[in-house]
Amino acid sequence: MGRPWKNMNGVLKAIDSWAMMGTVRALAEPGMNIALAAEEGEHPRAWRIMDITEGENEDGNWLFMHLRPLNRRGGTDGGDQDIHRGWTSDPWKIIEPWVYSLQEHYAVCAGCHHLMPCPEMARQARIEDELEEFERFNNPGEHPSCPQCQRSITKGEKQITFETNLYAFGPVTFHLEGMCRTAADYYDEQVNRETGQPRKLYCPNDLYFYNVRGNPQRYWCRDPRCGGYDLTHAVTHYIYELLRVPSNYHEVRHSAFQ
């Protein structure tokens with residue numbers, strides 16, 4: 001999943017999904033014009049499928065496309081820049097060669113002749129994306145705002161503060177309700193992955209949650225030192241009979257955030 005606080009920039013979303021302007025998802029056919037990144041990390045270019053060959057061997061099935069680059073006028077430039085790209089699969093699998101087919105009229109940058117959105121548009125979009133994220137997280141001071149909802153955080157609200165800021169400067173504080181809690185969990189995992197710091201919002205054990213209308217909610221965790229029933233646990237089991245709580249679990253009566 002992407003970062004919960006990000007509204008994905010439309011240009012970057014198009015590039016990341018290979019959905020360049022003027023393309024549709026389709027099964028490859030000879031004579032079709034397609035958008036394809038020839039090498040990893042390269043911007044997608046326009047190609048024509050000259051031929052498709054397929055077969056099988058002792059390792060499984062294979063299918064390869066013979067591709068030739070398209071020039072600015074939609075024709076091909078000859079065979080000296082041809083490439084072959086394709087798929088292999090296990091013997092029992094049928095290969096379905098899905099590609100991004102270029103429609104008859106597709107957008108090309110007048111400056112660099114790349115498919116739109118072109119690399120320069122992508123570069124500008126990434127700069128704007130990073131600046132927007134910096135502004136969300138760069139709010140040190142007496143009254144910080146939550147990076148997810150961007151509302152100020154008041155003393156009476158449930159909140160979590162991380163001293164490590166991965167995107168800007170100063171501590172990072174999230175609300176602990178709704179999507180803000182989802183974003184806080186994601187950020188907690190990011191900090192752990194990138195710095196090795198223990199997670200603040202996570203317990204690696206299962207939680208049993210007794211929830212019957214008219215009765216108080218009760219919680220049990222395998223860890224007798226569990227930080228609180230409102231931590232994110234590895235698995236939460238919703239139960240309606242107290243007899244279903246395993247004997248080696250311990251009741252958790254306290255919140256992690258009070």
Side-chain angles (χ1 to χ4, degrees), residues 1-133 167 182 186 189-190 193-194:
M1 127 176 159
R3 297 170 195 166
W5 52 85
K6 289 177 73 71
N7 295 317
M8 188 70 170
N9 182 291
V11 171
L12 299 182
K13 191 173 183 179
I15 293 172
D16 288 349
S17 65
W18 286 23
M20 311 304 291
M21 294 182 186
T23 63
V24 293
R25 192 100 161 111
L27 288 169
E29 296 179 358
M32 181 183 288
N33 295 335
I34 66 171
L36 177 74
E39 303 293 341
E40 186 174 353
E42 181 182 88
H43 192 80
R45 296 166 57 193
W47 304 84
R48 177 166 297 162
I49 302 175
M50 305 304 295
D51 190 20
I52 295 177
T53 56
E54 55 185 314
E56 59 184 44
N57 55 32
E58 59 184 13
D59 296 322
N61 301 319
W62 54 267
L63 182 150
F64 287 94
M65 303 182 296
H66 172 195
L67 302 173
R68 184 164 294 169
L70 291 176
N71 58 34
R72 290 178 60 191
R73 297 174 182 81
T76 57
D77 288 326
D80 57 332
Q81 297 180 23
D82 288 10
I83 62 172
H84 293 80
R85 294 291 183 271
W87 300 264
T88 59
S89 76
D90 294 320
W92 59 86
K93 290 184 179 179
I94 298 174
I95 298 176
E96 294 186 329
W98 288 99
V99 293
Y100 283 101
S101 171
L102 286 166
Q103 299 176 18
E104 182 177 356
H105 298 286
Y106 57 90
V108 176
C109 176
C112 65
H113 314 313
H114 278 91
L115 292 175
M116 296 290 283
C118 71
E120 178 59 23
M121 283 185 68
R123 188 182 71 84
Q124 291 293 337
R126 286 194 174 92
I127 290 173
E128 293 171 7
D129 206 48
E130 290 170 3
L131 285 174
E132 191 270 342
E133 195 161 46
Y167 301 104
T182 301
Y186 183 92
E189 187 177 355
Q190 271 196 312
R193 186 170 57 246
E194 297 191 23

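One-based numbering along the sequence shown. Keep in mind the model is a prediction, meaning the values are calculated, not measured.
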Handout entry: Check against side-chain contact (heavy atoms from CB on, under 4.5 Å), Gln103 and His105
Key = CA-CA 5 Å; Gln103 299 176 18; His105 298 286; over 6 Å; no
Exercise for the section: Take Leu67 and Ile49 through the test side-chain contact (heavy atoms from CB on, under 4.5 Å) and record every step on the way to the result. Expected result: CA-CA 5 Å; Leu67 302 173; Ile49 302 175; 3.7 Å; yes
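Looking at residues two or more places apart in sequence or on another chain, you find no salt bridge (Lys or Arg N to Asp or Glu O under 4.0 Å) involving Arg45. Residues satisfying the salt bridge (Lys or Arg N to Asp or Glu O under 4.0 Å) criterion with Glu29, sequence neighbours excluded, are absent altogether. Shown here are the side-chain hydrogen bond (donor to acceptor under 3.5 Å, both in side chains) partners of His114, two or more places apart in sequence or in another chain: there are none. Residues satisfying the side-chain hydrogen bond (donor to acceptor under 3.5 Å, both in side chains) criterion with Glu194, sequence neighbours excluded, are absent altogether. Under the rule for a side-chain hydrogen bond (donor to acceptor under 3.5 Å, both in side chains), the partners of Glu120 that lie at least two apart in sequence or sit in another chain are Arg123, Gln124.
Shown here for Leu115 and Pro44, the closest heavy-atom pair between the two residues is CD1-O, 3.9 Å. Minimum heavy-atom separation, Thr23 to Ala35: CG2-CB, 4.0 Å. Of all heavy-atom pairs spanning Trp98 and Trp87, the tightest one is O-CZ2, 3.8 Å. Minimum heavy-atom separation, Tyr167 to Gln190: OH-NE2, 2.7 Å. The two residues Val99 and Leu27 come nearest to each other via the heavy atoms CG2-C, 4.4 Å.
Contact check for Asn33 versus Trp47: no side-chain heavy atoms found under the 4.5 Å cut-off. Using a 4.5 Å heavy-atom threshold, the side chains of Leu70 and Tyr106 count as touching.
Here the NE2 atom belonging to His43 is positioned 7.0 Å from the SG atom belonging to Cys112, to the nearest 0.5 angstrom. To the nearest 0.5 angstrom, Ile83 atom CD1 is 12.0 Å from Arg68 atom CZ. With rounding to the nearest 0.5 angstrom, the CZ atom of Arg48 is 12.0 Å from the CE atom of Met32.
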Identify each donor-acceptor pair in which a side-chain atom of residues 54-65 lies under 3.5 Å from a protein atom, sequence neighbours left out, and give them as a table.
residue, atom, partner, partner atom, Å
Asn57, OD1, Asp59, N, 2.9
Asn57, OD1, Gly60, N, 3.2
Asn61, ND2, Pro91, O, 3.2
Asn61, ND2, Lys93, O, 2.8

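When the shell of 6.0 Å around CG of Leu131 is examined, it contains more than 12 heavy atoms from other residues, nucleotides or ligands.
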